[in-house]
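The structure appears right after this line, and notes come after that.
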Amino acid sequence: MKKLLMIHQWDDKYLNLKLDDYILTFDDGLHSQIDGIKKIVNIYPDIEIQYYISTGIINIENVPSTYNDCRTAHSRFFNDNITSDYVTYDDLTYLKNLPNVTIGLHGHKHLNLNHLKKNKSLNDYYKLIEDDIKEMLFGAINLSQFNILNNDIILFCTPYNQLDPLYNAVMRKQFNLYFPKAEIKVIGPGREDIDKLI
């Protein structure tokens with residue numbers, strides 16, 4: 001089994017690495033990652049790529065991307081609700097039509113679970129994650145209707161690589177209601193950061 005390689009912000013210097021030794025995972029659904037994916041599949045047509053999006057952070061206005069780095073893109077979204085750095089539905093359709101790319105889920109609003117657990121009561125924390133999961137499920141149903149999401153295997157990558165048994169249990173319960181035949185695969189910690197290979 002190949003190791004998972006985690007990529008946030010694309011850089012062409014990564015093409016100097018032996019990428020086909022890994023399954024590539026792209027987090028956060030940045031529009032700028034698509035250029036890297038095009039280059040990768042041109043060099044490695046059989047490489048496996050998992051592309052994770054937060055269903056509440058999609059560029060629905062189709063405004064041109066400014067190609068910001070991941071940190072800046074997150075700041076622009078969390079502070080000002082700007083989504084122009086993220087993928088559009090057209091981008092997702094393009095990616096899902098590549099034979100080696102699977103679209104996965106990354107929450108709805110990319111919650112920082114560890115931060116929330118420290119700063120919220122258990123009831124408030126549960127309500128926040130339940131709302132996020134319900135919104136993610138609604139987004140997943142929408143993506144499924146456009147054949148962007150695989151109904152047989154639903155990949156879920158935890159934001160900030162934070163595994164939380166409560167979040168996972170609630171997510172599995174909700175998703176099993178609407179995707180009863182789907183295998184749900186959760187990943188998070190344990191992926192290798194591509195920048196550590198440079």
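Because only heavy atoms are used, hydrogens play no part in the values below, and waters and symmetry mates are left out as well, while side chains stay in.
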Side-chain contact, heavy-atom cut-off 4.5 Å: [X] with [Y]?
X: Met6; Y: Phe26; value: no
X: Leu197; Y: Tyr22; value: yes
X: Asp46; Y: Asn100; value: no
X: Tyr51; Y: Val87; value: yes
X: Ile198; Y: Leu17; value: yes
X: Ile34; Y: His31; value: yes
X: Phe146; Y: Lys96; value: no
X: Ile194; Y: Leu19; value: yes

Using atom types as modelled and distance alone, determine if a side-chain donor or acceptor of [X] lies under 3.5 Å from a backbone N or O of [Y].
X: Thr25; Y: Gln50; answer: no
X: Thr88; Y: Asp91; answer: yes
X: His108; Y: Gly56; answer: yes
X: Asp132; Y: Lys109; answer: yes
X: Gln162; Y: Asn114; answer: yes

Report, one line per pair, each donor and acceptor closer than 3.5 Å where one atom sits in a side chain of residues 168-190; sequence neighbours left out.
unit_1	atom_1	unit_2	atom_2	d
Arg172	NH1	Ile184	O	3.2
Asn176	ND2	Arg172	O	3.0

Enter the distance from [X]:[atom1] to [Y]:[atom2] here, rounded to the nearest 0.5 Å.
X: Ser121; Y: Leu116; atom1: OG; atom2: CG; value: 11.0 Å
X: Ser144; Y: Asn150; atom1: OG; atom2: CG; value: 9.0 Å
X: Leu155; Y: Leu105; atom1: CG; atom2: CG; value: 8.0 Å
X: Ile58; Y: Ser54; atom1: CD1; atom2: OG; value: 8.5 Å
X: Asn97; Y: Leu92; atom1: CG; atom2: CG; value: 11.0 Å
X: Tyr44; Y: Leu24; atom1: OH; atom2: CG; value: 9.5 Å

Using a strict 4.0 Å threshold on nitrogen-to-oxygen distance, state whether [X] and [Y] make a salt bridge.
X: Asp124; Y: Lys117; value: no
X: Lys2; Y: Asp21; value: no
X: Lys18; Y: Asp20; value: yes

Classify the ring geometry of Phe156 against Tyr167: parallel below 30°, tilted from 30° to 60°, perpendicular beyond 60°.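 Correct class here is parallel.
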Once you measure the plane-to-plane angle for Tyr86 and His74, does it fall in the parallel (<30°), tilted (30-60°) or perpendicular (>60°) bin?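 Parallel, since the angle between the ring planes stays under 30°.
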What's the shortest heavy-atom distance between Pro45 and Ile43, and which atoms?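 Minimum heavy-atom contact is CD-O, 3.4 Å.
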Within a radius of less than 6.0 Å around NZ of Lys120, do more than 12 heavy atoms belonging to other residues, nucleotides or ligands occur?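 Not buried by this count: 12 neighbours or fewer within 6.0 Å.
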Same apolar cluster: [X] and [Y], side chain cutoff 4.5 Å:
X: Ile23; Y: Ile153; answer: yes
X: Met136; Y: Ile154; answer: yes
X: Ile57; Y: Ile103; answer: no
X: Leu113; Y: Leu163; answer: yes
X: Tyr52; Y: Leu5; answer: no

Checking side-chain polar atoms at under 3.5 Å, does [X] have a donor or acceptor matched by the opposite partner on [Y]?
X: Asp90; Y: Thr93; answer: no
X: Asp164; Y: Tyr125; answer: yes
X: Asp195; Y: Tyr14; answer: yes
X: Thr72; Y: Asp69; answer: yes
X: Asn59; Y: Ser84; answer: no

Given Ile53, which partner from the list Ile148, Leu30, Asp27, Leu143 fulfils the side chain to side chain contact (heavy atoms under 4.5 Å, CB included) test?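 When side chain to side chain contact (heavy atoms under 4.5 Å, CB included) is applied between Ile53 and each of Ile148, Leu30, Asp27, Leu143, only Leu143 qualifies.
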May I have the step-by-step check of side-chain contact (heavy atoms from CB on, under 4.5 Å) for Phe77 and His110, ending in yes or no? CA-CA 10 Å; Phe77 172 73; His110 203 278; over 6 Å; no
Which Ile, Leu, Val, Met, Phe, Trp or Tyr residues join Phe138 in one cluster when any pair of side-chain heavy atoms under 4.5 Å counts as a link?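 Phe138 clusters with nothing; isolated.
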Passing candidate, side chain to side chain donor-acceptor pair (under 3.5 Å) with Asp28, options Gln9, His106, Gln33: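 Exactly one pass, corresponding to His106.
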